[in-house]
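Here's the structure we're looking at; comments come further down.
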Number of protein chains: 2
Amino acid sequence: MVDRRGAGDEVVTTAAKRAADASAESTQAESASDVRERARAIPEAAVARLAVYLRVLSGLAEQGVTTISSEELAGAAGVNSAKLRKDLSYVGSYGTRGVGYDVEVLVSHIERILGLTRKHSVAVVGIGNLGHALANYGGFPSRGFPVAALFDIDPDLTGVPVGGIPVNHIDDITSVCAEREVSIGVIATPPQAAQAVCDRLVSAGVQCILNFAPVVLQVPDYVEVRKVDLAVEMQILSFHVARRADEAAGDVVNGVGVDGVVIRP
Amino acid sequence: MVDRRGAGDEVVTTAAKRAADASAESTQAESASDVRERARAIPEAAVARLAVYLRVLSGLAEQGVTTISSEELAGAAGVNSAKLRKDLSYVGSYGTRGVGYDVEVLVSHIERILGLTRKHSVAVVGIGNLGHALANYGGFPSRGFPVAALFDIDPDLTGVPVGGIPVNHIDDITSVCAEREVSIGVIATPPQAAQAVCDRLVSAGVQCILNFAPVVLQVPDYVEVRKVDLAVEMQILSFHVARRADEAAGDVVNGVGVDGVVIRP
DNA sequence: TCAACTTTGTGCATACGTTCACAAGCGGTA
DNA sequence: TACCGCTTGTGAACGTATGCACAAAGTTGA
């Protein structure tokens, strides 16, 4: 059961005490090297899910929910509860048996593991349709990723403010990124320009890149690239449509399906 | 050797024959049920990579490249060559030992497996910044995913053309989707509206959804959802920044690193 | 025709991620 | 205090994906 306690509640459970400890700063029992070891060991897939749990938990916290069980959180995040508990165990053991997890404790520990205690300024390169959308996207700043710089190769755009930030010319990428301490670069250029932009970002010291261009970027080992390819997503969906249709056809051949009826595998 | 030398001067290799067969239509040796069995067995991760190979191969074909080895293609796609060969083996054995793969043959077979021989009309719901960008995104139509309908809840937008297509009111979603045979729905609404929009798409018969809203959608089993969450991508990058910084700190503690020097793990 | 060389396709071992199932631990209650 | 019921945390089993390494199968050149 999710319990929604009002602000005036004074029952101090051990979980609540832990919450206080955690927000007071994560020092005590766990040394910095322990955190390091743990971070190194977290599977990539689990990291992605932790980010999702964090979003769900933030929403719950705003609704005044203080405690949640693995079963409930798993439901809200769309995963199996065993998987959720294992994922959380990578972060540390901050649950209370018989009760569940304190929402605030989890939030602060997941934020710590994901490195969200630091500020991560973002630079968007390529102010076309997508670049505009990204510059105006409210989801970034609200989650600790302020858009600090915009770049485009078109001189007509230089100086024009988009989403409150003036566009810089791409030639200034090195100085501007250094000055504004950009740690994440977002490439929203046409594919032809992507590799060149990437190289410039890297030489400007950016070590993390989010790439929307449908190109495989070549980068040094120490640079982390994540790719968002809309066409690939579409094609994966297309594959599932086709597979489903094939299965349906197969079932019909086997006498299971009937005429125009949609088969649900 | 069955190497026929015809009246002309052209040497017809077995690889070239296969190319001809394939473009003539994939019937012959492989029955429809074989394709079905194979499609069922392809791992999700491999499907995503196949889409990438397809893009690379299309580019090569435009450049006039007719043949490519697994090593080269793997390099261009950013994967290990053994993995690439295994992925392609899910599609079928269309390579020629000692030579490589015929580009056109591969393209046509991957397209078949991914279901790209059918048309997949797309509907975009939520014509905000992102919706605009998606409606104007050239990558969709050029890859066989025509944007056939746009929807928004704002009556002021209704009828306004975006990217050449007039926006419909969201209340007309069922009739418009049916009429234009929409098979993929793209949700680009604010998170609060996403689940409701999703439900409407599903009841309109859409079985594949690409969701940009930071919400876990609840759908029936027979509906396929793919999620693109920009904030999650950012947080994964953030995790890597933090991990890298931690490792660097650890190395410094162990006496390896020096002052301001960037540690490359 | 044959031998040398190239590249595919795949069996096998390893690593990784997921799921199950249950002991351990905690809060509540008498 | 001692017990009971609930939920976490995790060992162990399973399944899936990855990478190696090599036989099979093709081409090329003499």
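The model shown is predicted, which means the values in this text are computed figures rather than measured ones. So you know, we letter chains A, B, ... as the sequences are listed, proteins then strands, and number each from 1.
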Are a donor atom and an acceptor atom from the side chains of B/R85 and B/S70 found within less than 3.5 Å of each other? yes
Spacing of B/L84 atom CG relative to D/dC20 atom C1', expressed in whole Å: 16 Å
Let's go through A/R49 and A/E44 carefully: what are the C-alpha distance in whole Å and the side-chain angles of both, what is the deciding distance for salt bridge (Lys or Arg N to Asp or Glu O under 4.0 Å) to 0.1 Å, and is it a yes or a no? CA-CA 9 Å; A/R49 288 190 297 266; A/E44 185 83 14; over 6 Å; no
Round to a whole Å and report the spacing from NE2 of A/H109 to P of D/dG9. 11 Å
Side-chain donor-acceptor contact under 3.5 Å, A/E111 with A/S108: no
To the nearest Å, how far apart are B/L88 CG and C/dT7 C1'? 13 Å
Which residue lies more 5' along DNA chain D, comparing A/E71 with B/R85 via nearest heavy atoms: A/E71
Integer-rounded Å distance: D/dT16 P and B/Y90 OH: 11 Å
Per B/R49 side chain, nearest of listed nucleotides D/dT18, C/dT19, D/dT10: D/dT18
Between D/dT8 atom C1' and A/K83 atom NZ, what is the distance in whole Å? 18 Å
By nearest heavy atom, map B/Y101 and A/A82 onto DNA chain C; which one lands nearer the 5' end? B/Y101
Please state how far atom CG in A/L106 lies from atom P in D/dT8, giving the value in whole angstrom units. 10 Å
Would you please say whether a donor-acceptor pair under 3.5 Å links the side chains of A/S69 and A/E72? yes
Starting from C1' on D/dC20, measure out to NZ on B/K86 and report it in whole angstrom. 10 Å
Can you measure B/E44 atom CD to C/dC16 atom P for me and round it to whole angstrom units? 21 Å
Looking only at side-chain N and O atoms, does A/S70 come under 4.0 Å of OP1 or OP2 in D/dT8? yes
The side chain of A/S93 lies closest to which of these nucleotides: C/dG9, D/dT10, C/dC20? D/dT10
Would you state whether a donor and an acceptor, one from the side chain of A/R97 and one from the base of D/dT7, lie under 3.5 Å apart? no
Count the heavy atoms of every other residue, nucleotide or ligand shown that sit under 6.0 Å from CD of A/E71, and state whether that count exceeds 12. no
